[in-house]
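Down below is the structure, laid out as structure tokens.
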Number of protein chains: 2
Amino acid sequence: MNIGQAARHSGLTAKMIRYYETIGLLAPAGRGANGYRRYGDKDLHQLAFIKRARDMGFSLDEVSRLLALWQDRQRASADVKALAEAHIDDLERKIAELVGLRDTLRELVGHCQGDERPDCPILRGLESGCCAGDHGADD
Amino acid sequence: MNIGQAARHSGLTAKMIRYYETIGLLAPAGRGANGYRRYGDKDLHQLAFIKRARDMGFSLDEVSRLLALWQDRQRASADVKALAEAHIDDLERKIAELVGLRDTLRELVGHCQGDERPDCPILRGLESGCCAGDHGADD
DNA sequence: CATTGACCTTGCCAGGGTGGCAAGGTCGAG
DNA sequence: CTCGACCTTGCCACCCTGGCAAGGTCAATG
């Protein structure tokens, strides 16, 4: 199976697969006589794993560690759990940050008439920082 | 006032200010006889505006439009409001996506013993996609 | 057999937004 | 004069993906 088929089966793109290979996330694929990369069932399985891990929001670095654990038959599930929990914490932080931003912005928007006149509390808020208090949203 | 002072006053870095100038977000600053950029009160005001808009999560492109509206005395507040509301929608989408990821992950983590044994529902979930259903979290 | 079109290969450039580092000019104080 | 702090420009890095180019390969047509 060539890279195009592997891509369609896994949901990744050929570009991503090649990239993952160059950065060492994937072991170099076997090559046919023509130089094309060849993928077998085991490879497809791994690509699908990566795709799902990416869809769950894990960074490539985290995916790399997940892959290592996945392939380690001696792994402790606690290690996987720790990785996942750390990621959940990341997500929580980001969510809290975005919610803070949204609420601040909603507050400003709620005070704005939204008509054809130039007066606008949103701009005033950005100007003076009066309404946009500290919600710790400094990335 | 040189760029360093302007940076400290606005909360931006000198690097950012120069970058904003190169991409046209800021008009080229005036220069002293030595070639150093010079910033006045009006410039500081603008830099602070940008800083706050960035802190609110607006992209540089959105900041650019906000700046234009800010400086347009004929603006309609409706335009500002529309921009802000679009940004709120963006935030809502991102929040929903992250919450979906978090919940899926929490579900998996909740089933994982987290001990020294290798058996791990998290990895099984990533392997087969059994627990990570469609929560529309495909960016 | 020749051509076509789909596929593969590698490599480079782009983005957004910031940090880092280099090599040089300039200022003010010791 | 010298030293350190500051300024200047320019390039490279990150993360991850897309796009485009120039070329090789394959299978199926005419």
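The figures that follow rest on heavy atoms only: side chains count, while hydrogens, waters and symmetry mates do not. In what follows, every chain begins at residue 1, and chains take the letters A, B, ... in the order their sequences are listed.
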Please report the distance, rounded to the nearest Å, between CD1 in B:I17 and P in C:dG17. 17 Å
Rounding to a whole Å, what distance do you find between B:I50:CD1 and C:dT18:C1'? 15 Å
Scan side-chain atoms only and decide if B:D119 and A:S77 contain a donor-acceptor pair under the 3.5 Å cut-off. no
Is a side-chain donor-acceptor pair under 3.5 Å present for A:H9 with A:Q5? no
Are the side chains of A:D90 and A:E62 in touch, meaning some heavy atoms are under 4.5 Å apart? yes
Are OP1 or OP2 of C:dC27 and a side-chain N or O of B:N34 less than 4.0 angstrom apart? yes
So how far is it from A:L60 CG to A:L67 CG, rounded to the nearest 0.5 Å? 10.0 Å
In Å and rounded to the nearest 0.5 Å, what is the CZ to SG distance from A:R75 to B:C120? 6.5 Å
Which letters describe nucleotides 3-18 of chain D, given B = protein heavy atom under 4.0 Å from base, S = only from sugar-phosphate, - = neither? ---BSBBB-----BBS
